[in-house]
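See structure below.
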Amino acid sequence: MDFILKQQANNSEARAGLLKTDHGNIETPIFMPVGTAGSVKGIHVRDLKEDIKAQIILGNTYHLYLRPGIEIIEQAGGLHKFNGWDGPILTDSGGYQVFSLGDIRKLSEEGAKFQSHIDGSRHLFTPENVIDIQRKIGADIIMAFDECPPGDAEFDYAKKSLELTQRWLDRCVEQMEKTSPLYGHQQSLFPIVQGASFPELRETAAKHIIEIPSDGYAIGGLSVGEPEKVMYAMIDVVCPILPKNKPRYLMGVGTPVNILEAIDRGIDMFDCVMPTRNGRNGMLFTSEGTMNMRNRKWADDFSPIDSNGTSFVDHHYSKAFLRHLIVSDEMLGAQIASQHNLAFYLWLVKEARTQIINGTFKDWKGEMVVKLAQRL
RNA sequence: GGGGAGAUACCAAAGUGGCCAACUGGGGCGGACUGUAACUCCGCUGACUUUCGUCUUCGUAGGUUCGAAUCCUGCUCUCCCCA
């Protein structure tokens, strides 16, 4: 997996790059739609590719392991064959579930004991078996198994947590070396910087992971409850330490504004459930600001969903019709909203890339951040 | 014609002397959502008021009572059964 840095923006840390994988190239900065259970909720693979223009999607180790089970995915010949997406796939390791399922798991040196949220059955994730699972899923990018502490974690806890994450990372690397891809394409491990909201921990973490030769580096444990300012500050601490010639992935972020701010600070890759989840819940992101489609004011607005939008749905359906679908709880409403939001997110990062290459990113970003924060 | 049941807020439906401006659900109106336990969750929903609070409400007109959505009487309307 190669990364080519195409262009560094003027008076900004923003970069335009090209990440080459065995399943195709990824132009960065990029947004990666989240497909936890192997499916980007409500979206056909064809629309992901042709309409939304996604270049890489996510899957989740924890969810796929519980259902359908890794044996099934192996039998299918890997997740690409199973879900019909032939582009690159990144899998999260389940580290985030250590955070989000906090009530039903226990951490130890060995790993994390989980109870399934589906049936309560007990399972153990270790750095080793999480690598094995991701090998079997066939992810192009495999995430290290980490602990993601909450944004308000105390220093002592955050420090211990980070040290555990670092030891787990070393075990992930070892397991990667001991194992090989099963389906003939290359798989790369991305280490993850933790350290909660403490600059000194973030710095330590970043310096630790760059000792490990990797095709990319991730920043985790942000947008988990801490103020946005803190998130940006942590990015500012970490990015300068990370190697320039490798992609940087900010995990789980975020709002359109978050993404532009992070690109400005040197981040290349993003993922977030926001476009799909908020879409299902009736919220649209556009280049002019956000819209809550449940609001009465759209009831008789027969103009296109987004006249600036790049998706088929933006021009084919009206705001009033979409509102009707969402208010009526019609599943097509959730699909249209998700498709629009994802297309918008992909447009946003592509436009950012263009602006970086043209040398106009900083000004453009300044204007966009104001517009994006508006409520329509 | 005879017998029975019932009328509560936008709808449905609890409440049958004071804890009732009135349970609950729906609908309506807002809000939240960041490596997805989420097509989910949270508010508000008689009027005026920032809050405290005040005022007007339970078909309608009277009455009993310190006090009535709740008890009594008349009236109006609706539904069901039998002819």
Side-chain angles (χ1 to χ4, degrees), chain A residues 31-43 56-64 66-67 89-105 114-120 130 134 139 141-151 165 190 192-194 218-228 230-232 249-259 261-262 267 269-285 290-299 323 325-338 341 345 375:
Chain A
F31 178 80
M32 308 181 278
V34 178
T36 304
S39 137
V40 177
K41 293 187 193 301
I43 305 293
I56 169 174
I57 64 172
L58 258 69
N60 186 285
T61 300
Y62 168 82
H63 294 270
L64 292 169
L66 289 180
R67 242 180 357 204
I89 293 176
L90 179 153
T91 42
D92 184 34
S93 62
Y96 186 74
Q97 279 63 45
V98 171
F99 161 68
S100 68
L101 301 175
D103 297 339
I104 47 176
R105 54 77 172 158
F114 283 99
Q115 268 189 282
S116 160
H117 69 276
I118 299 165
D119 63 4
V130 160
Q134 292 181 90
I141 299 174
I142 287 175
M143 298 310 298
F145 189 53
D146 63 342
E147 189 202 349
C148 175
T165 288
F190 280 24
I192 304 170
V193 175
Q194 287 291 348
I219 304 176
L222 292 177
S223 65
V224 285
E226 80 287 358
E228 287 191 342
V230 172
M231 170 167 75
Y232 298 144
Y249 164 30
L250 178 59
M251 305 182 75
V253 175
T255 66
V257 171
N258 290 160
I259 287 173
E261 291 293 354
I267 300 290
M269 302 167 71
F270 301 89
D271 78 283
C272 192
V273 304
M274 199 170 263
T276 41
R277 179 186 291 166
N278 288 30
R280 287 197 303 282
N281 293 333
M283 179 177 176
L284 260 51
F285 296 94
T290 61
M291 296 192 280
N292 182 346
M293 295 314 295
R294 307 194 86 98
N295 288 173
R296 171 164 215 98
K297 60 182 159 192
W298 309 118
R323 176 182 195 270
L325 294 176
I326 287 172
V327 167
S328 307
D329 212 20
E330 284 288 329
M331 59 183 174
L332 183 60
Q335 291 178 285
I336 291 173
S338 298
N341 280 345
Y345 267 62
R375 293 188 78 98

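In what follows, chains carry the letters A, B, and so on, assigned in the order in which the sequence lines appear, proteins first and then strands, with residues in each chain numbered from 1.
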Under 3.5 Å donor-acceptor, A:D146 side chain and A:C148 backbone = no

Using a 4.0 Å heavy-atom cut-off across all strands, classify A:N258 as base, sugar-phosphate, or nothing.
-> base

Side chain A:N341, main chain A:R280, donor-acceptor under 3.5 Å | no

Given A:L284, A:I43, A:V40, the one that forms side-chain contact (heavy atoms from CB on, under 4.5 Å) with A:S338 | A:I43

Using modelled atom types only, decide if a donor and an acceptor are shared between the side chain of A:N292 and the backbone of A:M283 within a distance under 3.5 Å.
-> no

Contact under 4.0 Å: A:Q97 side-chain N or O vs B:G35 OP1/OP2 | no

How far, in whole Å, is B:G30 from B:C23 if one measures between their P atoms?
-> 23 Å

Is the side chain of A:Q194 donor-acceptor paired with the backbone N or O of A:I192 at a distance under 3.5 Å, no angle test?
-> no

Expressed as a whole number of Å, how far does the P atom of B:G62 sit from that of B:U70?
-> 15 Å

Picking from B:G35, B:U36, B:C39, the nucleotide nearest the side-chain atoms of A:T36 would be B:U36

Identify which nucleotide among B:C39, B:G35, B:U34 has an atom closest to any side-chain atom of A:S223, counting heavy atoms from C-beta outward.
-> B:U34

Paired to B:C10 by Watson-Crick or G-U wobble criteria (both distances under 3.5 Å) is B:G26

For B:G46, what is the paired nucleotide under Watson-Crick or G-U wobble rules, both distances under 3.5 Å?
-> B:C55

Anything under 3.5 Å between a protein N or O and an N or O of nucleotides 29-33 of chain B, put it in a table, one pair a line.
residue, atom, partner, partner atom, Å
B:C29, OP1, A:R296, NH1, 2.6
B:C29, OP1, A:R323, NH2, 3.1
B:G30, OP1, A:R296, N, 3.1
B:G30, OP2, A:N295, ND2, 3.4
B:G31, OP1, A:R375, NH2, 3.3
B:G31, OP2, A:N292, ND2, 3.0
B:G31, OP2, A:N295, ND2, 3.0
B:A32, OP1, A:R375, NH1, 3.3
B:A32, OP2, A:R375, NH1, 3.2
B:A32, OP2, A:R375, NH2, 3.2
B:C33, O2', A:N278, OD1, 2.9
B:C33, O2, A:N281, ND2, 2.8

Let me check something: any side-chain donor-acceptor pairs from residues 90-99 of chain A under 3.5 Å, sequence neighbours excluded? List them with distances.
residue, atom, partner, partner atom, Å
A:T91, OG1, A:Q134, OE1, 2.8
A:S93, OG, A:G95, N, 3.1
A:S93, OG, A:A144, O, 2.9
A:Q97, OE1, A:N60, ND2, 3.1

Has the side chain of A:T276 got a donor or acceptor that lies under 3.5 Å from a partner of the other kind on the base of B:U36?
-> yes

